Amino acid sequence: MINALKTLRTLNPAKNLQGYAETCVYLLKNLTGQGLITEGAALHGHLIKTGISSERYIAIKLLMMYLDSRKSAEANEIIKDFNGFDLVVHNCLLNAYVQWGNLDLACKVFDEMPERNEISWTALISGFMKHGRVKESMWYFERNPFQNVFSWTAMISGYVQNGFSLDGLKLFLRLLESGVRPNEVTFTSVVKACAELRNFRLGASVLGWIVKSGFEDNVSVSNSSITLFLRMGEIDMSRRVFDRMEKRDIVSWTAILDMYVQMGELEEARRIFDEMPERNEVSWSAMIARYSQMGYPEESVKLFREMIREGFKPNISCLSIVLSTLAGVEALKAGMGIHGHAIKLGIGKNVYIGSSLVDLYSKCGEYKDGRLVFDSIAEKNVVLWNAMISGYSLNGEVEEAKKLLDVMPSPNNASWNSMISGYIDHKEFDEVFEVFNRMILSGIIPDQSTFSSLLSACANVASLEKGKDLHGKIIKLGIQYDVFVGTALTDMYAKSGDIDSSKRVFERMPEKNQFSWTVMIQALAESGFAKECLDLFDEMERMSLLPDELALLSVLFACSHCGLVDKGLQYFNSMATVYGVKPKGKHYTCVVDMLSRAGRLSEAEEFLNSMPFPPETNAWAALLSGCNRYKNEELAERTARKLCEIAEKRSAGYVLLSNIYASAGRWIDVTKIRKLMKENGSKKSTGYSWTEVRNKVHSFYSDGTHANSDEIYWILELLRSEMCIP
DNA sequence: TTAGGGTTAG
């Protein structure tokens, strides 16, 4: 562009008007493209002086520039110079209104046009598509007398962009039947549709078609092919396409970043990113998103700061990625900073930004601020609604969540799933199945995550019947081989006491992850299969999967229960060094329990006293019960005193202490504790029971809060009198 | 008329 400016200075409009005008047109186009309107206006002034501002081609470019920057007054001035509104001027206006998002105005211009060409029709068709108004777009497309490649392609790419890839492909088939030849842009969109739908068979035949039609070397086509191959898992093929390209652009480089990420080589991706010949905000966003998705939030945010430092303007995508990263680490302050930034940029009310913000505020406990953001957004989509529903669920406001779910326009899987997990988090298990039934009635088909939530509810209430019923539904839907579902089934069966079924499900899982292994290991430990548990742990290690704190706790538990004290100590000592897991209170407690059960009481006491942080109350209790078992009165006294100290601070300590005294037969001490508790006003949390009647789980508390409480007690009285109990 | 990155749930 600088060269063009230099050329302009050397040209004399009096001598070479044609060349001068052409250079001006080029300059105006570029200035408009880069948003350099002040410079454009200066050039306009210069053109007036030269006397060629009314030259048709120049005037049109000037008009486009002013329309593009929404300078209506200036645009009107230019239009006055034209002899009425001809076709081109009308098309310029049409395009501008579409770009401004004012489709009503665009339609009015379109309707009033005395004549229309293919550009007018395509402008309107793609305009409706751009704003997600697919039906109206189709309406105009069907009536378009100029069905050329452009309007076909506008429709196809519009469908793909709006998430209707299948309709896009159907239209592509119609295009082929119509005899119109697809161009490189059509192919680019069609390949994208195949990638999106993971329809690899069709994808492969489209690629063959592309070669036959000679568009193989087109940059855009190659770029979309790289992504198609990546989605197909054909990493070598995507690399081959990239290597074969004669010309590569930012898009090609950005696409290849994903190849390395998919190969698990984030560092290599970073190297490519650092060495890319050219970067834009999309490449930056891609790298920032990858760091966040691969579990490196700090690195992601660091890169974002670097991007800003280098003078790149973050767009909506980029800000929403960063906001969701910050939400993940509950960085409220930093997130609020970005919120302010977004408002300044005028995109504070965008749905993408809004959804991330609702998520951020909710995850940080400020769900009321989340609601303010939610209310401020005019064009709400499902994602935003779901973000708010799960925000309420997360903060224990399940009733509010339910209210939203009831009024939202078209809830999907995720909406219902958020509601279900809200009830699970707050242990309202009878509500869980209630919501599930409503979900089914509303015609939404539950998915993997619905079932893994429901199964965890079954595991919590040990409802084997319901769990089996769900297992049947899962098989009917054909999702029994999903990792999440398999893991949840393993857990449900184990927690409901059916360890054989649990093992069977686990063994048949085609794909297992760290969680699946942990659940099975835990199940074996808690069901008393200590040896099998340890064997499975060894097997997990052989698969070079790193055990987490829960798996390690189960291993310690298993060792403790089959008397493998030294082996247990060995595992404990290698937790930090070998497995990189810092032992927590519960691990220490397990070791104390292990030592106490084996009668190694003084060792246990020493271990407790050498802990780097205060032990759990349970740890002292474990030692005390060891003392009782091995009749070590002296240590028992010392431990009991310690427990008393703790008990004074927390009600749980009292409860535990009184239970321990009770089991040791020290009834006088028990009464003392109960009295103390009464004086201090501490209350044990209420115990409850439940039963399942006609697919509904009923929970009972001794305080009679069940809805049918009166009726239940009445029946109970009746039964009592029948049984002749006074 | 286009390709690469993008919000919720899991």
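Being a predicted model, the structure only gives us computed values, none of them experimental. Just so it is clear, the values below take in all heavy atoms, side chains as well, and ignore hydrogens, waters and symmetry mates. Just so we're on the same page: letters track the sequence lines, and every chain starts at 1.
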Undergrad: With a 4.0 Å cut-off on heavy atoms, is Asp249(A) in touch with a base, just the backbone sugar-phosphate, or nothing at all?
TA: base

Undergrad: Could you go step by step and tell me if Ser292(A) and Thr325(A) meet the side-chain hydrogen bond (donor to acceptor under 3.5 Å, both in side chains) rule?
TA: CA-CA 6 Å; Ser292(A) 176; Thr325(A) 311; 3.0 Å; yes

Undergrad: Quick check for you: name the first and last nucleotides of DNA chain B, 5' to 3', having an atom under 4.0 Å from a heavy atom of chain A.
TA: dT1(B) to dG10(B)

Undergrad: What I want to find out is whether Asp258(A) reaches Arg290(A) closely enough, with some N-O distance under 4.0 Å, to be called a salt bridge.
TA: yes

Undergrad: Name the nucleic acid region contacted by Thr122(A), choosing base, sugar-phosphate or nothing; use a 4.0 angstrom heavy-atom cut-off, strictly under.
TA: nothing

Undergrad: Contact class for Ile156(A) vs. all strands (heavy atom < 4.0 Å): base, sugar-phosphate, or nothing?
TA: nothing

Undergrad: Applying a 4.0 Å non-hydrogen cut-off, can you work out what Ile316(A) is touching in the nucleic acid: base, sugar-phosphate, or nothing?
TA: base

Undergrad: Scan for ring-ring contact (aromatic ring centres under 6.0 Å, His included) pairs involving residues 238-258 of chain A, sequence neighbours excluded, and state none if there are none.
TA: Phe242(A)-Trp253(A)

Undergrad: Remember a base hit wins even if backbone is also touched, and classify Lys380(A) as base, sugar-phosphate or nothing at under 4.0 Å, heavy atoms.
TA: nothing

Undergrad: Sequence neighbours left out, what passes side-chain contact (heavy atoms from CB on, under 4.5 Å) with Pro446(A)? Give chain and number order.
TA: Phe436(A), Met439(A), Ile440(A), Thr450(A), Phe451(A), Leu477(A)

Undergrad: Does Arg371(A) have any salt bridge (charged side-chain N to carboxylate O under 4.0 Å, His left out) partners at least two apart in sequence or in another chain, and if so, which?
TA: Asp375(A)

Undergrad: Under 4.0 Å between a side-chain nitrogen and a carboxylate oxygen: does that hold for Arg174(A) and Glu177(A)?
TA: no

Undergrad: NA contact type, Asn413(A), heavy-atom cut-off 4.0 Å: base, sugar-phosphate, or nothing?
TA: nothing

Undergrad: What does Asn183(A) touch in the nucleic acid at a heavy-atom separation under 4.0 angstrom: a base, only the sugar-phosphate, or nothing?
TA: base

Undergrad: So Ala414(A), base contact, sugar-phosphate only, or nothing? Heavy-atom distance under 4.0 Å.
TA: base

Undergrad: Please list residues of residues 290-312 of chain A whose heavy atoms come under 4.0 Å from any atom in DNA chain B, ordered by number; otherwise none.
TA: Arg290(A), Gln293(A)

Undergrad: What nucleic acid atoms does Asn417(A) come within less than 4.0 Å of, heavy atoms only: base, sugar-phosphate, or nothing?
TA: nothing

Undergrad: State which residues pass ring pair (Phe, Tyr, Trp, His ring centres under 6.0 Å) with Tyr361(A); sequence neighbours excluded, sorted by chain then number.
TA: His339(A)

Undergrad: By the 4.0 Å heavy-atom rule, please label Ser220(A) as base, sugar-phosphate, or nothing.
TA: base

Undergrad: Taking only residues two or more places apart in sequence, or in another chain, which ones meet Val134(A) in a side-chain contact (heavy atoms from CB on, under 4.5 Å)?
TA: Met129(A), Tyr159(A), Asn162(A), Phe164(A)

Undergrad: In residues 232-241 of chain A, which residues come under 4.0 Å of DNA chain B by heavy atom?
TA: none

Undergrad: With sequence neighbours left out, what residues match Glu118(A) under salt bridge (charged side-chain N to carboxylate O under 4.0 Å, His left out)?
TA: none

Undergrad: side-chain hydrogen bond (donor to acceptor under 3.5 Å, both in side chains) with Gln99(A): which residues, sequence neighbours excluded?
TA: none

Undergrad: Using the ring of each side chain (for Trp, its six-membered ring), is Phe172(A) parallel, tilted or perpendicular to Phe187(A), with breaks at 30° and 60°?
TA: perpendicular

Undergrad: Looking at residues at least two apart in the chain, or sitting in another chain, which of them share a salt bridge (charged side-chain N to carboxylate O under 4.0 Å, His left out) with Arg240(A)?
TA: none

Undergrad: Could you check whether atom CD of Glu379(A) has more than 12 heavy atoms from other residues, nucleotides or ligands sitting under 6.0 Å from it?
TA: no

Undergrad: Answer yes when Arg270(A) and Glu267(A) have at least one side-chain N-carboxylate O distance shorter than 4.0 Å, and no when they do not.
TA: no

Undergrad: Which residues in residues 257-283 of chain A have a heavy atom closer than 4.0 Å to any atom of DNA chain B?
TA: Asp258(A), Asn280(A), Val282(A)

